[in-house]
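Scroll down for the structure; my scribbles are underneath it.
All heavy atoms count here, side chains included; hydrogens, waters and symmetry mates do not.
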Amino acid sequence: MNRVIAILDTREGIGQNVISLSVGLTTAIQTGDECALINLNFDSYQTFPIFLGVKPEKSIQDLFNVIDKLDSKMAKGFFTKYRNNFYFLDLPSTSILHPRIDKISLLVSFLREIFKFSFVMVERKITERTMALLDGSDFLLIITSPHLLSINDARKVIEDLKKQHYPLDFCSLVINMADIKGGIPVKTIKETLGVNVVSEIPFDPLVITSINEGILPIEKYPHSSFSRAIKKLGNFLIEEDQKEEKESIFKWASIKLEQRVKERKEEQAEEKKEEVTELSPEEAKIALKKKIHQRLLEEFDLKEWNIHTQDESQKQALYKRVRGIIENLIAEEASLPLNRDERSEVVTELVDEVLGLGPLEKFLRDETISEIMVNGPQKIYIEKAGKIYLTDARFTSTEQLMTVIDRILSPIGRRVDESSPLVDARLPDGSRVNVIIPPLSLIGPVITIRKFVAKRLDMDDLVRLGSLTREMVEFLRVCVILRKNILVSGGTGSGKTTLLNMLSSFIPEDERIVTIEDSAELRLRQEHVISLESKPPNIEGKGAIPIRRLVINALRMRPDRIVVGECRGGEALDMLQAMNTGHDGSLTTIHANSPKDAISRLTTMVLMAGTELPERAIREQIASAINIIVQTARLKDGSRKVVKISEVIPLEAGEMKIQDLFYFEQLGYDENKKVVGRFRKCGVLPTFFDEIKIMGLELSEDIFKDEVKV
């Protein structure tokens, strides 16, 4: 009976190539029969020609490309003959090979028909591809060495085999360099791993000499201790094959092999039956993605493909490499009814899933989309031009969605789990991300991404878009230069952060600016900017650094300006105190629907700081600290506008007056349901208008006159 023997090494560099070539050649010489060695260890390329001095005309890839159209005699023509009836077939030298499972099974059946002994080098990672080869083999030789790391690696391989229900009766150990000084005794290795040792190959310096000359040790030094051990191993395999079936190490092989081949044929028949079922293009695409994704998980360590740890050139190289791998895998799946464009789309989607954020990537690339909302794995909404739309994109499972969340959080050192089920984060491009998962979310993990605009809008863009007028821009510019404390107020998505970025651009270049945010979004153009970001608690619930503490610390950093991304808690008190103690010209935002509501919210937030100040004293602080309130709003048609610019005027007894300078008057809607309105001026001068002249700034009184501006 012809035999197929798999050979696996537990660690790179412990002799798989040399031992496999040597035992294959020795067995061919000793039996006088045709024997072969095939390289299916995808970490080892084109080593056979180095030692054998024969350049092969064909590779395994050539065989796999047409194997389903051949018989065993035709398949033999792809092997290269060395001498003494020894044949070999190596991997290609350049392209990456990813054969289908059914092609591996067919190769094994051909080997059994062609050669007396076929030795197949397999990869040490136990994948479905490896198991297909082992299922068709009679025996597995595991090469290890008497070093602790190698033994640990061997233990892992054996545990993986057990998980796949592979019988350890089919396995034996080959200990290379078994007698090396300080090595773990063979007896201990056998007891530790629970697998029989069939060969102990001694350490032989002549092996190194022979390898460096590119010659097999058994040919250059046929009487060396290494060569004697190899011949002994070959003799052992030949004798075991010649024994009665019930006494041989192959004693279970015939029964188990028939059983495994039968199971494999049934599986293949079932797969073909499934393929015959007519699929819609969408179903075919989903089926192909699942199949390729599964193969990627089995054949590659996807953790190594961490795009966040690489520079731009490395990212591009990784994208190119991964895309090439996926294209090769898809090319092998010829049975699914997809045209070229559909396959190209699948490649892009798979690259996004492997390296990026899966179905979210195409929305992140689309500059017309301002917000992405994921409501569990099955629903993804987007915001375009202020309107929300449900997309047909979705995640395949909750696990895939959680993987994407982990990819977002890991690079910035944040986490989300049941003990900490909500988190704020940001993407590498600056986009703001909020994540909330069960048990707080009842529909599964929820992601909200406020996209960062790659092309930063300036005030001219806002004027062109109708968000405010040129006169309003000029007034706000003067307020920033005069170091007036400005509060930007508005609802969610009304453009507060965008406007804060604009206002910050007016700060002179020679000033030191400290920005403080929960997740860094501000992108200031000035050179001297220090960006601070709050820190959530660690897994033990400790180590949190809130916004308030950063505001207090910023006062010790000699800032000319403090810009707080958003006041939402006790930090409001420290912000007001900073504004009142020499840090004028500060900027911040707040969630409120009107300037009056903004004052009320500030009062409430100061009380949240735990202060026992009376409300009157708090309002006095607010009145003396805040000079200008800019109110933003997102209107019904999705447009964002500055609907009010107001001045805060302190009065006596803790009272204050909010005086409107500009406002937006809505008149109705046009035929396209777009808001129709006009910007109005209230006809009053700001109380600090004289200060503008004293500072030598130019601002005409005419911009405050009550004239209609459409």
- Short N-O contact, Glu620 and Arg616, less than 4.0 angstrom: yes
- Query: So does Glu509 have more than 12 non-hydrogen atoms from other groups sitting under 6.0 Å from CD?
  - Reply: yes
- Message: Test your reading of the model: is there a side-chain donor-acceptor pair from Glu647 to the backbone of Asn627, 3.5 Å cut-off?
- Response: no
- Is Asp670 reaching over with its side chain to a backbone N or O of Asn672, donor-acceptor style, under 3.5 angstrom? yes
- What are the two closest non-hydrogen atoms of Arg640 and Ser370, and how far apart are they? NH2-OG, 4.5 Å
- Task: Determine, step by step, whether Arg561 and Asp584 satisfy the salt bridge (Lys or Arg N to Asp or Glu O under 4.0 Å) criterion, reporting the C-alpha distance in whole Å, the side-chain angles of both residues, the deciding distance to 0.1 Å, and the verdict.
- Result: CA-CA 7 Å; Arg561 309 266 185 159; Asp584 48 350; over 6 Å; no
- Message: If the threshold is 4.0 Å, N to carboxylate O, is there a salt bridge linking Lys705 and Glu471?
- Response: no
- Query: Are Ile449 and Leu427 close enough, and set up right, to give a side chain to side chain contact (heavy atoms under 4.5 Å, CB included), and what steps lead you there?
  - Reply: CA-CA 9 Å; Ile449 300 176; Leu427 297 178; 4.2 Å; yes
- Query: In Å and rounded to the nearest 0.5 Å, what is the NZ to CG distance from Lys362 to Leu357?
  - Reply: 14.0 Å
- Might you point out which heavy atoms bring Pro445 and Ile437 nearest each other, and give the distance in Å? CB-CG2, 4.0 Å
- Mind checking whether Val433 and Ile447 have side chains closer than 4.5 Å, heavy atoms only? yes
- Query: Roughly how far, to the nearest 0.5 Å, is the CG atom of Leu550 from the CG atom of Leu555?
  - Reply: 11.0 Å
- Item | Euclidean distance, Leu635 CG relative to Tyr669 OH, rounded to 0.5 Å | 7.5 Å
- Are there more than 12 heavy atoms of other residues, nucleotides or ligands under 6.0 Å from atom CD of Glu665? yes
- Task: Quick one: do Thr603 and Glu615 satisfy side chain to side chain donor-acceptor pair (under 3.5 Å)? Show the steps, please.
- Result: CA-CA 7 Å; Thr603 305; Glu615 186 174 336; 5.4 Å; no
- Heavy-atom check, side chain of Val643 versus side chain of Thr632, under 4.5 Å: no
- Message: For Phe664, give me all partners under ring-ring contact (aromatic ring centres under 6.0 Å, His included), at least two apart in sequence or on another chain.
- Response: Phe679
- So, Ser624 versus Asn580: side-chain donor-acceptor pair below 3.5 Å or not? yes
- Task: Heavy atoms only: give me the nearest Leu487-Leu602 pair and the separation to one decimal.
- Result: CD2-CD1, 3.8 Å
- Message: Please give me the minimum heavy-atom distance between Leu422 and Val416, naming the atom from each residue.
- Response: N-CG2, 4.0 Å
- Item | Ion pair Asp660/Lys644, N-O distance below 4.0 Å | yes
- Electrostatic pair Arg464:Asp461 at N-O distance under 4.0 angstrom: yes
- Met373 side chain reached by Glu383 side chain, heavy atoms, under 4.5 Å: yes
- Between Glu517 and Lys535, is there a side-chain N and carboxylate O pair less than 4.0 Å apart? no
- Note on the structure: Here the gap from Lys596 atom NZ to Ser594 atom OG, rounded to the nearest 0.5 Å, amounts to 8.0 Å
- Message: I'd like to know if the side chain of Thr588 and the backbone of Val564 have a donor-acceptor N/O pair within less than 3.5 Å.
- Response: yes
- With the threshold set at 4.0 Å, does a side-chain nitrogen-carboxylate oxygen contact exist between Asp560 and Arg558? yes
- Check: Asp417 main-chain N/O paired with Ser420 side-chain donor or acceptor under 3.5 Å: no
- Before accepting this row, confirm whether a basic side-chain N of the pair Lys387/Glu371 lies closer than 4.0 Å to the acidic partner's carboxylate O. no
- Message: side chain to side chain contact (heavy atoms under 4.5 Å, CB included), that's the test. Do Leu482 and Ile692 meet it? Break it down for me.
- Response: CA-CA 7 Å; Leu482 284 176; Ile692 296 174; 3.5 Å; yes
- For residues Val446 and Val435, determine if any side-chain heavy atom of one lies less than 4.5 Å from a side-chain heavy atom of the other. no
- Task: Taking the side chain as every heavy atom from C-beta outward, state whether Ile405 and Met402 have any pair of such atoms under 4.5 Å apart.
- Result: yes
- Task: Answer yes or no: are there more than 12 heavy-atom neighbours, outside Met695 itself, under 6.0 Å from its atom CE?
- Result: no
- Could you pull out the closest heavy-atom pair between Ser431 and Lys451, with the gap in Å? OG-CA, 3.4 Å
- Message: Check whether Ser467 reaches the backbone of Val463 with its side chain - one donor and one acceptor, N or O, closer than 3.5 Å.
- Response: no
- Inter-residue atom distance Asp424.CG - Thr448.OG1, 0.5 Å rounding: 10.0 Å
- Would one find more than 12 heavy atoms of other residues, nucleotides or ligands at under 6.0 Å from atom CZ of Arg549? no
- Can you list the residues that meet the ring-ring contact (aromatic ring centres under 6.0 Å, His included) rule with Phe395, with sequence neighbours excluded? none
- Item | No-hydrogen, no-angle side-chain donor-acceptor test under 3.5 Å, Gln631 and Ser489 | yes
- Query: If you measure only the distance, is there a donor-acceptor pair under 3.5 Å linking the side chains of His528 and Glu511?
  - Reply: no
- Phe475 versus Leu468: any side-chain heavy-atom pair under 4.5 Å? no
- Item | Residues Lys484, Glu691: salt bridge by 4.0 Å N-O rule | yes
- Query: Got a donor-acceptor contact below 3.5 angstrom from the Asn375 side chain to the Lys379 backbone?
  - Reply: no
- Message: Test side chain to side chain contact (heavy atoms under 4.5 Å, CB included) on Asp366 and Phe363; report intermediate values, then the result.
- Response: CA-CA 5 Å; Asp366 189 339; Phe363 303 130; 5.6 Å; no
- Task: May I ask you to test the Ile628-Asn485 pair for a side-chain heavy-atom distance under 4.5 Å?
- Result: no
- Closest non-hydrogen atoms of Thr398 and Pro377, given as atom of the first, atom of the second and distance, are OG1-CG, 3.7 Å
- Is there a side-chain contact between Ile388 and Ile382 (heavy atoms, below 4.5 Å)? no
- Parallel under 30°, tilted from 30 to 60°, perpendicular over 60°: which one fits the rings of Phe704 and Phe662? tilted
- Query: Do Thr589 and Leu499 pass the side chain to side chain contact (heavy atoms under 4.5 Å, CB included) test, and can you show the C-alpha distance, the side-chain angles, and the key distance before you say yes or no?
  - Reply: CA-CA 9 Å; Thr589 70; Leu499 187 61; over 6 Å; no
- Distance (rounded to the nearest 0.5 Å) between Arg477 CZ and Ile507 CD1: 13.5 Å
